[in-house]
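This one's a predicted model, so the numbers in the text were calculated from it and none came from an experiment.
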Amino acid sequence: MSRLLVVIADEDEKYLSTLEYKFLQELDDKIDLEIISDKTYFESFFSSPKTAEIVAVCESFYSRELQRHNINNLFVMTENKGDGDTAELAVNQIYKYTGIKEIYNEMIYRSRDKIEDDDAAEKETKIIAMHSAIGGSGKTVLGMALADSLEQNHRKVLYINAESIQEFGYYLKDKSGMTNEAIRSLKNDLNHIYTNVRPFIRKEGFSYLPPFQVTLDALNLEESVYENLVRTAKESKEYDFIIVDIEAGYSREKMGLLQQADRALVILLQDELSVNKTEYLLRNIDVRDREKYLFVCNKYDETGFNACMGADAQTRFTVNEYVELMKEPIKETRQFSKLQGIQKLAYMFI
């Protein structure tokens with residue numbers, strides 16, 4: 001079977017080299033990559049009919065003639081930061097000075113089913129932590145939607161909610177809580193806690209530990225039960241991803257879960273209170289590892305004021321992804337996982 005053609009064209013050779021390295025690093029054996037910096041050669045290349053999965057060009061190279069070719073995803077890389085819309089529906093606009101990882105994800109997430117290699121070697125289980133400085137950020141729904149989106153991309157996911165009051169069952173078909181037998185299994189042999197609780201794990205697309213109906217204190221359980229559960233679940237190697245939903249705020253136990261994570265998503269809203277609370281949280285967490293920590297602005301309304309773009313905020317963090325506000329009430333996870341922001345977020349981990 002022939003490999004998919006990806007064409008990236010821009011006059012800036014240094015800029016092209018960084019994109020070329022990213023594509024080769026991720027997809028070297030899955031695509032034919034054509035990198036073009038000369039406009040005359042570019043016009044010659046497209047003088048005959050071409051079939052390509054992705055074509056990304058700078059504004060000076062773009063012309064409507066490109067739409068005559070069989071191109072599944074056509075991007076124009078612009079130097080002016082806009083909203084990503086274009087007057088031509090067949091063309092996607094992308095701001096070329098966004099981070100390389102974000103540009104790469106933006107370009108390929110629509111082609112993920114064609115590019116994905118089902119025969120890829122087994123990967124180590126990755127722990128993704130969801131955390132927020134303030135309640136009401138939509139962290140839990142976002143975490144469940146991310147789990148659902150990863151499952152739809154053929155990844156095996158375990159969702160563990162580590163909040164003191166657990167209401168995530170509202171978004172599930174089976175709304176019943178943890179059984180007494182399952183709770184007893186959590187108290188036996190902490191070094192094998194996942195093996196003990198495994199028979200009680202449920203599955204609705206993604207797998208999940210059923211919600212507790214009362215607090216851990218009421219059950220005479222320590223918060224450390226989550227650290228042991230996450231650790232032993234990872235050691236089982238049964239999942240591609242374990243998503244841990246950590247309660248908002250700061251405590252030693254919450255930071256312990258964050259430290260366990262391979263990747264951590266810090267969820268915030270665009271209002272000043274959420275941004276200020278996030279800045280306070282960051283005074284207590286070392287987030288200099290940009291590969292580990294990602295910042296996600298949830299429930300984003302592009303018509304409203306965005307405090308994340310304030311000068312003070314941007315000195316402490318940069319929002320990696322915006323997840324758009326849903327106008328209608330969310331009653332099930334699948335509604336949310338269909339959002340473009342969630343799908344792009346999921347593809348960052350694939």
Side-chain angles (χ1 to χ4, degrees), residues 80-85 94-95 97-103 105-106 128-146 161-165 167-168 243-259 261 263-327 329-330 336-337 339-346 348-349:
N80 296 311
K81 192 168 186 178
D83 58 9
D85 295 330
I94 186 168
Y95 178 55
Y97 299 118
T98 309
I100 291 298
K101 179 186 291 187
E102 287 74 21
I103 291 174
N105 288 327
E106 176 74 17
I128 302 174
M130 314 288 296
H131 193 42
S132 178
I134 189 170
S137 66
K139 169 180 58 64
T140 293
V141 181
L142 196 153
M144 295 172 71
L146 178 59
N161 188 293
E163 296 180 303
S164 57
I165 297 177
E167 299 179 335
F168 68 95
I243 294 180
V244 186
D245 187 349
I246 304 172
E247 188 167 33
Y250 182 92
S251 72
R252 181 177 299 176
E253 291 77 15
K254 295 179 180 67
M255 295 307 102
L257 286 171
L258 268 182
Q259 289 172 2
R263 307 293 295 275
L265 302 188
V266 180
I267 315 302
L268 69 156
L269 303 176
Q270 67 193 79
D271 62 274
E272 290 185 343
L273 177 60
S274 181
V275 170
N276 287 337
K277 287 274 191 176
T278 300
E279 291 175 338
Y280 181 87
L281 178 66
L282 298 186
R283 296 189 190 108
N284 301 280
I285 304 175
D286 184 357
V287 295
R288 287 176 294 179
D289 184 350
R290 297 301 175 89
E291 285 297 311
K292 176 173 179 174
Y293 288 93
L294 300 175
F295 292 84
V296 179
C297 181
N298 196 21
K299 304 180 185 179
Y300 177 62
D301 181 0
E302 62 182 3
T303 65
F305 172 72
N306 183 10
C308 299
M309 297 300 292
D312 291 341
Q314 292 191 73
T315 62
R316 294 187 178 272
F317 64 88
T318 300
V319 173
N320 301 92
E321 187 58 60
Y322 287 87
V323 177
E324 57 269 41
L325 175 69
M326 281 198 71
K327 303 298 183 183
I330 300 172
F336 202 55
S337 64
L339 292 177
Q340 179 174 305
I342 292 291
Q343 293 179 0
K344 288 167 61 180
L345 196 60
M348 289 184 181
F349 303 106

Q: Please work out whether the ring planes of Tyr300 and Tyr322 are parallel, tilted or perpendicular, with thresholds of 30° and 60°.
A: tilted
Q. Any donor and acceptor pair, going by atom type alone, linking the side chain of Lys292 with main-chain N or O of Ala261 inside 3.5 Å?
A. yes
(Q) Counting only heavy atoms from other residues, nucleotides and ligands, does the tally under 6.0 Å from NZ of Lys277 exceed 12? (A) no
Q: Could you tell me the separation between the CD1 atom of Ile134 and the OG1 atom of Thr278, rounded to the nearest 0.5 Å?
A: 7.5 Å
(Q) Counting C-beta onward and ignoring hydrogens, is there a side-chain heavy-atom pair between Arg283 and Arg316 closer than 4.5 Å? (A) yes
Q: State the CG-OG distance between Leu269 and Ser132, to the nearest 0.5 angstrom.
A: 7.0 Å
Q) Does His131 reach the main-chain N or O of Glu247 with its side chain, forming a donor-acceptor pair under 3.5 Å? A) yes
Q) Between Ile342 and Leu142, is any pair of side-chain heavy atoms under 4.5 Å apart? A) yes
Q | side chain to side chain contact (heavy atoms under 4.5 Å, CB included) assessment of Met144 paired with Phe336 | A | CA-CA 9 Å; Met144 295 172 71; Phe336 202 55; over 6 Å; no
Q: Output the distance between atom SG (Cys297) and atom CG (Leu325), rounded to the nearest 0.5 Å.
A: 10.0 Å
Q. Is the CZ atom of Arg288 crowded by more than 12 outside heavy atoms at less than 6.0 Å?
A. no
Q) Could you give the distance from CG (Leu265) to OH (Tyr293), rounded to the nearest 0.5 Å? A) 11.5 Å
Q. Got Leu294 and Glu321 here, is their nearest side-chain heavy-atom distance under 4.5 Å?
A. no
Q) Is there side-chain contact between Phe317 and Val287, with at least one heavy-atom pair below 4.5 Å? A) no
(Q) Rounded at 0.5 Å granularity, tell me how far CD in Gln259 sits from CG in Asp286. (A) 10.5 Å
Q: Could you point out which residue of Asn276, Leu282, Asn284 forms a side-chain contact (heavy atoms from CB on, under 4.5 Å) with Tyr280?
A: Asn284
Q: Could you walk me through whether Asn298 and Ser137 pass the side chain to side chain donor-acceptor pair (under 3.5 Å) test, one step at a time?
A: CA-CA 7 Å; Asn298 196 21; Ser137 66; 5.8 Å; no
Q. Is the closest side-chain heavy-atom distance between Asn105 and Phe349 below 4.5 Å?
A. no
Q: To the nearest 0.5 Å, tell me how far Ile243 CD1 sits from Leu146 CG.
A: 4.0 Å
(Q) For Gly249 versus Leu281, what's the shortest heavy-atom pair and its separation? (A) O-CD1, 4.0 Å
Q. Is there a donor-acceptor pair closer than 3.5 Å between any side-chain N or O of Lys101 and the backbone N or O of Glu291?
A. no
(Q) Whether the side chain of Glu324 engages the backbone of Leu339 through a donor-acceptor N/O pair (distance < 3.5 Å, no angle test) should be reported. (A) no
Q | Side-chain heavy atoms of Glu163 within contact of Lys139, under 4.5 Å | A | yes
